[in-house]
J.: 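Take a look at this one; I'll ask things after.
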There are 2 protein chains.
Amino acid sequence: MSGRQAVSPRSRRQARLDLILEAAEGVFADAGFEGASMSSIAAAAGLPKANLHYYFGTKEALYRAVLEGILTLWLSATDPIRPEADPAEALSAYVRAKMRWSRQRPQASRVFANEVLHGALYLQSYLAGPLRALVREKSAVIEGWIAEGRMRPVSPPHLFFAIWAMTQTYADFDPQIRAVLDCPPLDEQAQAQGGATVLQLVLGGCGLA
Amino acid sequence: MSGRQAVSPRSRRQARLDLILEAAEGVFADAGFEGASMSSIAAAAGLPKANLHYYFGTKEALYRAVLEGILTLWLSATDPIRPEADPAEALSAYVRAKMRWSRQRPQASRVFANEVLHGALYLQSYLAGPLRALVREKSAVIEGWIAEGRMRPVSPPHLFFAIWAMTQTYADFDPQIRAVLDCPPLDEQAQAQGGATVLQLVLGGCGLA
DNA sequence: AACATTCTTGACCGTTCGGTCAGGATTTTC
DNA sequence: GAAAATCCTGACCGAACGGTCAAGAATGTT
């Protein structure tokens, strides 16, 4: 059928971009922005360094592209928090989604954490923009639940900070957790127990136990 | 009384070391290990770069010295968790101590976080040694409280991970929190509200509300 | 087949990095 | 006050960094 080759130029280019972005995410997660070198990212991608510069121009541009890919995922988990939902179910679903994210994309979480940790200079517009808006919106939902007596009074933004911190710690502080628990490989049972503990604290703290 | 000058050579040297360590902690907190340069640390301390090398030899040795200073503080807050103590009071005191630490030594917290985030290669012996031992010891205390029916069953290590995450987030993720809350300066009220929320989650989750 | 566009890369460049060192200043010791 | 020990620092070094570029290879278009 037709002369179109199986791999279109568009997708060839996209595959190259994705290959580089994936390698870059891993190196940025391990070493941070300053610690990562273009040569090490190139080595991780199996490409010559000059090729990365052809596609992304500068290290900063590559870093921003990695961050952008992470942010698109970052905002999508709050869906279950809607006024008509059951508070316990909604918060449980949200916590579970965040735990899943830490388990499946730990590198993304660590790149994000590293960025915020060092001042969030590339993320400020995102934090003060879409993220703030999202927190405002979802906080209103929670305030509604509280007003209706469906859960204990809490400061909704701080509840979000707590949930983010507790769930992301399983990605960001993984070396500490593994060292303390003495389980070098990714222990599935430990992560399940962690998720259960986080849920217990959130639900218990909100009077939904 | 002798010719000893008001400032002994011992304390003169110590003052110099402390000056450098303090400057280094700040720069490492802002930029991470790789991002920090010896010249920027020297500039922050108001000394020539070669002077830092005179006292600490290498950048790595200086970094280790900064970490060591941080670790001595890191282990000291679990004191209130003792078998004969009241669970609610003990956990409250612990959470408050951790919140105070995040407020008063945010740079130390961020250096620690950065180190763990990037694999904890300089901290592994500490994490798997004294920290693991401490968690084991205090976990036994909490298990005891649970067995006596004085609090709800929880996985004690994961409770610690949760408390560490929630309290340290106020130092490590400060840019995110400030951006979302829209309070550029250090908002004392926000931090108090954060502390109250963390306490509510911990006590509520442990059935101590 | 000829041309245009896109892609690829080894070699190179200026800068900055961590670290060294000689030699002078300062302080301590006797 | 002289000798010894410690402290201080401008100048320098090789390595690694981010980034550039010209020239060739591959691909797409007509």
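Lettering follows sequence order; numbering is per chain, from 1.
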J.: For B:D187 and B:Q191, does a side-chain donor sit closer than 3.5 Å to a side-chain acceptor?
T.: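 No donor-acceptor contact under 3.5 Å links the two side chains.
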
J.: Name every residue in residues 33-43 of chain B that has at least one heavy atom under 4.0 Å from any atom of DNA chain C, in order of residue number, or write none if there are no such residues.
T.: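 Within residues 33-43 of chain B, the residues near DNA chain C are B:A36, B:S37, B:M38, B:S39.
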
J.: Separation of A:K49 atom NZ from D:dC21 atom P, in whole Å?
T.: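 It works out to 14 Å between those atoms.
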
J.: For the residue pair A:W164 and A:F160, categorise the inter-ring angle as parallel (less than 30°), tilted (30 to 60°) or perpendicular (more than 60°).
T.: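 Plane angle between 30° and 60°, so tilted.
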
J.: Reckon B:R12 has a side-chain N or O less than 4.0 Å from the OP1 or OP2 of D:dT6?
T.: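 No, outside the criterion.
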
J.: Measure the distance from CG on A:L52 to P on C:dC7 and round it to the nearest whole Å.
T.: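 In whole Å, C:dC7 P and A:L52 CG are 14 Å from each other.
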
J.: When you measure from the side-chain N and O atoms of A:R13 to the phosphate of C:dC7, is any distance below 4.0 Å, counting only OP1 and OP2?
T.: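 Affirmative; the distance criterion is met.
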
J.: Of all the choices, C:dG10, C:dT20, D:dC8, which nucleotide is nearest to the side chain of B:A50 once you look at every atom?
T.: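 Nearest listed nucleotide: C:dT20.
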
J.: Search all heavy atoms of A:V180 against all heavy atoms of B:L127 and return the closest pair with its distance.
T.: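 Residues A:V180 and B:L127, closest heavy atoms: CG2-O, 4.2 Å.
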
J.: Other residues, nucleotides and ligands only: do more than 12 of their heavy atoms fall within 6.0 Å of CD on B:Q193?
T.: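 Atom CD in B:Q193 is packed in, count exceeds 12.
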
J.: Once you round it to whole Å, what is the distance between P of C:dC7 and CG of A:L19?
T.: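 The distance from CG of A:L19 to P of C:dC7 comes to 15 Å, rounded to the nearest Å.
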
J.: Determine: side-chain N/O of A:Y54 to OP1/OP2 of C:dT8, distance under 4.0 Å, yes or no.
T.: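 No, because none of the side-chain N or O atoms of A:Y54 sits under 4.0 Å from OP1 or OP2 of C:dT8.
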
J.: Atom OH of B:Y55 and atom P of C:dG18: how far apart are they, to the nearest Å?
T.: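 Answer to the nearest Å: 20 Å.
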
J.: In whole angstrom, what separates B:L47's CG from D:dG10's C1'?
T.: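 Rounding to the nearest Å, CG of B:L47 and C1' of D:dG10 are 15 Å apart.
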
J.: Rounded to the nearest angstrom, tell me the gap between atom CZ in A:R16 and atom P in D:dT27.
T.: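 Atom CZ in A:R16 sits about 11 Å away from atom P in D:dT27.
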
J.: Between B:Y126 and B:E68, does a side chain to side chain donor-acceptor pair (under 3.5 Å) hold up when you go through it step by step?
T.: CA-CA 10 Å; B:Y126 158 79; B:E68 228 154 282; over 6 Å; no

J.: A:W101 vs A:W74 aromatic rings, parallel, tilted or perpendicular, using cut-offs 30° and 60°?
T.: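 Correct class here is parallel.
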
J.: Ring centroid separation for A:Y63 and A:Y122, is it under 6.0 angstrom?
T.: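 Judged by ring-centre distance (under 6.0 Å), A:Y63 and A:Y122 do meet the cut-off.
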
J.: Measuring from the side chain of B:H53 (C-beta onward, heavy atoms only), which nucleotide among C:dT27, C:dT20, D:dG18 has the closest atom?
T.: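 Taking heavy atoms from C-beta onward, the closest nucleotide is C:dT20.
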
J.: Taking atom types as they are modelled, is there a donor-acceptor pair under 3.5 Å from the base of D:dG19 to the side chain of A:K59?
T.: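 When only heavy-atom distances are counted, A:K59 does not reach the base of D:dG19 through any donor-acceptor pair under 3.5 Å.
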
